[in-house]
Amino acid sequence: MFPGVFEHLLYQYTSAILSVGFLIFNGLFAVIYNPKKVVGIKGDPDYTFTDITVLIPVYNEVEDIFRKVIKSVSSMGLKFVVVGDGVDQPYRAITEQNGGIFIRLEERRGKRFALSEGMRYIDTRLVLLLDSDTFIDKRSLERMLSYMAEDVGGVSPSIRVWNNGKISYYYANFYEIMSEIVNRATSYFGRTIILSGQCVLYKTSAIRNYVMSNDFTSSKIFNISLKISDDRDLTEYIIERGYKAIKAIDAIAYTKPPENLSQFVKQVVRWTRANYLFFLRSLRDGSLSLRGNLYVFDIIYMNFLPILVIFSLIPLQYPRFDIFNTLSASITSLERLDILQLILGIPIRAHLPPFDFVLVFILPRVLSIIGGVTFLLVMIKIMEKERGKTLMYGVIALIVQSLASFYSIASMWKQSWSSREKNRKSKK
């Protein structure tokens with residue numbers, strides 16, 4: 001039995017209200033989010049660059065990009081350790097030429113093992129986990145330091161992709177900004193969804209024991225080994241231990257955009273799989289409630305969204321009996337409507353008087369539009385430049401995310417260290 005009028009209206013309004021709540025609440029809290037900075041007695045930050053060691057795992061990175069990342073870190077006078085995940089040259093030479101320590105894993109074991117091995121060489125109060133294709137400048141790092149209060153365990157900057165002259169820059173940037181809004185909103189309550197693994201500053205004492213343990217390197221959820229999602233794992237870890245996880249909105253790190261649509265799809269699928277796995281784990285161990293009301297709402301909404309979409313695609317049948325007094329007379333004249341007819345609204349409008357048409361068709365969509373426009377305005381506010389192109393090509397990111405949601409559910413057990421599955425040649 002296909003759903004009838006009551007079920008359809010219930011879905012329409014439930015979906016619209018949830019979507020409006022998600023878009024408006026996250027947009028609102030993202031805009032008003034302004035984390036408190038910590039300033040020492042003499043006007044200096046409580047931490048300085050001498051308190052930081054940068055830990056960089058590397059696997060098959062483009063040589064020129066890696067060289068620029070290392071020179072950037074070295075130019076700031078920072079200590080740094082590079083862990084080659086089954087790779088050696090040219091990364092060792094570049095690292096040692098710039099004053100860093102290079103550690104090589106004999107075989108490729110994944111990012112978690114690389115971080116775990118590198119942590120053994122960290123003797124400073126803070127550790128900056130930095131991807132081998134990500135840049136952060138001195139000013140942004142100073143700003144990240146300024147948020148390291150006593151109750152803060154980790155701080156990550158806003159993530160942007162640099163312009164590679166391809167359309168992948170626009171849809172990847174759109175995706176990062178879209179994700180950042182939700183992270184800013186949950187950061188308002190000190191519990192961001194994820195501290196970005198591309199660049200994140202942690203108190204060493206808060207994560208050292210865990211990163212060096214088998215629980216981290218051999219982490220499992222429902223007997224599925226987690227080779228990925230180290231950033232989500234560490235974020236969950238510090239929050240569960242009472243620390244705040246902060247998004248430094250005035251600090252920016254730039255990372256390499258995907259080379260093409262295929263690589264972007266792989267990235268989004270990988271991240272989406274991680275979301276589902278951690279959501280299921282949080283339900284199992286009861287940790288979801290520790291993250292605050294907005295986080296709980298966001299996570300439930302995002303993970304159940306594919307189910308709502310699937311439900312909306314079920315063919316609709318309007319039976320010939322009264323359900324609502326206001327609708328019964330009109331509905332009895334309708335037979336069967338497929339989803340395309342429902343979306344277009346043309347056949348419905350032909351059978352329904354104005355009030356009923358507004359109730360059945362117009363009002364739920366108006367609610368969704370209000371939420372969507374609110375979220376869009378927040379995105380525009382955050383975008384630094386080329387807003388038109390970013391929004392236009394951002395449609396690609398929305399489509400990819402929608403399709404990735406379904407595929408990720410069906411392939412949740414598949415994981416890889418990164419999108420670098422093939423060796424890459426240095427770009428001149």
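Side chains of Ser132 and Glu61: a donor-acceptor N/O pair is present below 3.5 angstrom, by distance only. For Thr124 and Asp51, the side-chain atoms include no donor-acceptor pair closer than 3.5 Å. For the residue pair Ser196 / Lys247, a side-chain donor-acceptor distance below 3.5 Å is found, with atom types taken as modelled. With no hydrogens or angles considered, no side-chain donor-acceptor pair links Asn275 and Thr272 at under 3.5 Å. For the 3.5 Å distance criterion, the side chains of Tyr210 and Asp233 qualify, holding a donor opposite an acceptor. Using a 3.5 Å distance cut-off with no hydrogens or angles, the side chains of Tyr147 and Arg143 do not pair a donor with an acceptor. A donor-acceptor contact closer than 3.5 angstrom is absent between the side chains of Asn163 and Tyr254. Side-chain atoms of Asn164 and Ser168 include a donor-acceptor pair closer than 3.5 Å.
Taking each heavy atom of Val161 and Glu176 in turn, the nearest pair found is CG1-CG, 4.5 Å. Shown here for Met144 and Ser156, the closest heavy-atom pair between the two residues is CE-CA, 4.1 Å. Pairing each heavy atom of Leu55 with each of Leu115, the nearest pair is CD2-O, 3.6 Å. Nearest heavy atom pair, residue Thr390 against residue Phe174, reads O-CD1, 3.5 Å. Shortest non-hydrogen contact noted between Ser74 and Phe80 is CB-CE2, 4.1 Å. Tyr59 and Asp85 make their closest contact through CD1-O, 3.5 Å (heavy atoms, listed as atom of the first residue, atom of the second, distance).
The side-chain tip of Arg184 does not point at the ring of Phe29 from less than 6.0 angstrom away and within 45° of straight on.
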Q: Walk me through it: do Asn34 and Tyr188 pass the test side chain to side chain contact (heavy atoms under 4.5 Å, CB included)?
A: CA-CA 7 Å; Asn34 186 23; Tyr188 181 84; over 6 Å; no

Q: Given ring pair (Phe, Tyr, Trp, His ring centres under 6.0 Å), test Tyr393 with Tyr170 step by step and report yes or no.
A: CA-CA 6 Å; Tyr393 290 115; Tyr170 297 103; 5.6 Å; yes

Q.
Using the rule given for side chain to side chain contact (heavy atoms under 4.5 Å, CB included), can you reason through Ile70 versus Tyr91, listing the C-alpha separation, both sets of side-chain angles and the distance that settles it, and then say yes or no?
A. CA-CA 10 Å; Ile70 295 303; Tyr91 311 111; over 6 Å; no

Q) Stepwise, does the side chain to side chain donor-acceptor pair (under 3.5 Å) test hold for Ser19 with Tyr301? A) CA-CA 8 Å; Ser19 297; Tyr301 175 83; 2.9 Å; yes

**Q.** Evaluation steps, side chain to side chain contact (heavy atoms under 4.5 Å, CB included), between Gln267 and Tyr175
**A.** CA-CA 11 Å; Gln267 290 177 340; Tyr175 187 90; over 6 Å; no

(Q) Checking Leu195 against Asp231 for the side chain to side chain contact (heavy atoms under 4.5 Å, CB included) test, could you report, in this order, the C-alpha distance in whole Å, the side-chain angles of both residues, the deciding distance, and whether it holds? (A) CA-CA 6 Å; Leu195 294 172; Asp231 47 4; over 6 Å; no

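Judged purely by atom type and a 3.5 angstrom limit, Asp131 has no side-chain atom pairing as donor or acceptor with the backbone of Asp133. In terms of modelled atom types and a separation under 3.5 Å, the side chain of Arg241 and the main chain of Tyr237 share a donor-acceptor contact. No donor-acceptor pair under 3.5 Å is formed between the side chain of Arg108 and the backbone N or O of Gly86. Checking side-chain atoms of Glu236 against main-chain N and O of Arg232 turns up no donor-acceptor pair under 3.5 Å. Side chain of Lys203 to backbone of Gly154: no donor-acceptor contact under 3.5 angstrom is found. Here the side chain of Thr95 pairs no donor or acceptor atom with the backbone of Phe102 at under 3.5 angstrom. Formation of a donor-acceptor pair under 3.5 Å by the Ser402 side chain with backbone atoms of Leu398 is found in this model. With Asn98 contributing its side chain and Ile94 its backbone, the two residues share a donor-acceptor pair below 3.5 Å.
Note: Ser140 OG to Leu201 CG = 12.5 Å, rounded to the nearest 0.5 Å. From Glu117, atom CD reaches atom CE of Met212 across 8.5 Å, with rounding to the nearest 0.5 Å. Thr374 contributes atom OG1, which lies 11.5 Å from atom CG of Asn26 (distance to the nearest 0.5 angstrom). Within the model, atoms CG of Leu28 and CZ of Phe375 stand 12.5 Å from one another, a figure rounded to the nearest 0.5 Å. The line from OG1 of Thr204 to CD1 of Ile122 is 6.5 Å long, rounded to the nearest 0.5 Å. Interatomic distance, Phe49 CZ to Leu145 CG, rounded to the nearest 0.5 Å: 6.0 Å.
Taking the ring centroids of Tyr171 and Phe264, they lie under the 6.0 Å cut-off.
No salt bridge links Arg112 with Asp230; every basic N to acidic carboxylate O contact stays at or beyond 4.0 Å. With respect to Glu180 and Arg160, a salt bridge is recorded, a charged nitrogen being found less than 4.0 Å from a carboxylate O.
No side-chain heavy atom of Lys79 sits under 4.5 Å from any side-chain heavy atom of Ile52. Side chains of Val82 and Phe66 form a contact here, defined as non-hydrogen atoms less than 4.5 Å apart. For the pair Ile101/Glu96, no side-chain contact is recorded, criterion being any heavy-atom separation below 4.5 Å from C-beta on. Within the 4.5 Å cutoff, the side chain of Leu130 has heavy atoms near those of the Val69 side chain. When side chains are defined from C-beta on, Ile300 counts as touching Phe279, because their heavy atoms get closer than 4.5 Å. Looking at Tyr121 and Ile103, their side chains come closer than 4.5 Å, going by heavy atoms from C-beta outward. A 4.5 Å side-chain heavy-atom check between Leu129 and Ile56 finds every atom pair outside the cut-off. By the 4.5 Å heavy-atom criterion applied to side chains, Leu376 and Leu391 are counted as neighbours.
The environment of CZ in Arg120 is crowded: more than 12 heavy-atom neighbours from other residues, nucleotides or ligands sit within 6.0 Å. Crowding of Asn293 atom CG: a count of heavy atoms from other residues, nucleotides or ligands under 6.0 Å not exceeding 12. Remark: Lys244 NZ is loosely packed, at most 12 non-hydrogen atoms of other residues, nucleotides or ligands lying under 6.0 Å away.
Across Thr255, Val155, Thr134, a single residue satisfies side-chain contact (heavy atoms from CB on, under 4.5 Å) together with Cys199, and that is Thr134.
Using the six-membered ring where Trp is involved, Phe297 and Phe25 have ring planes that are perpendicular, over 60° apart on the 30 and 60° scheme.
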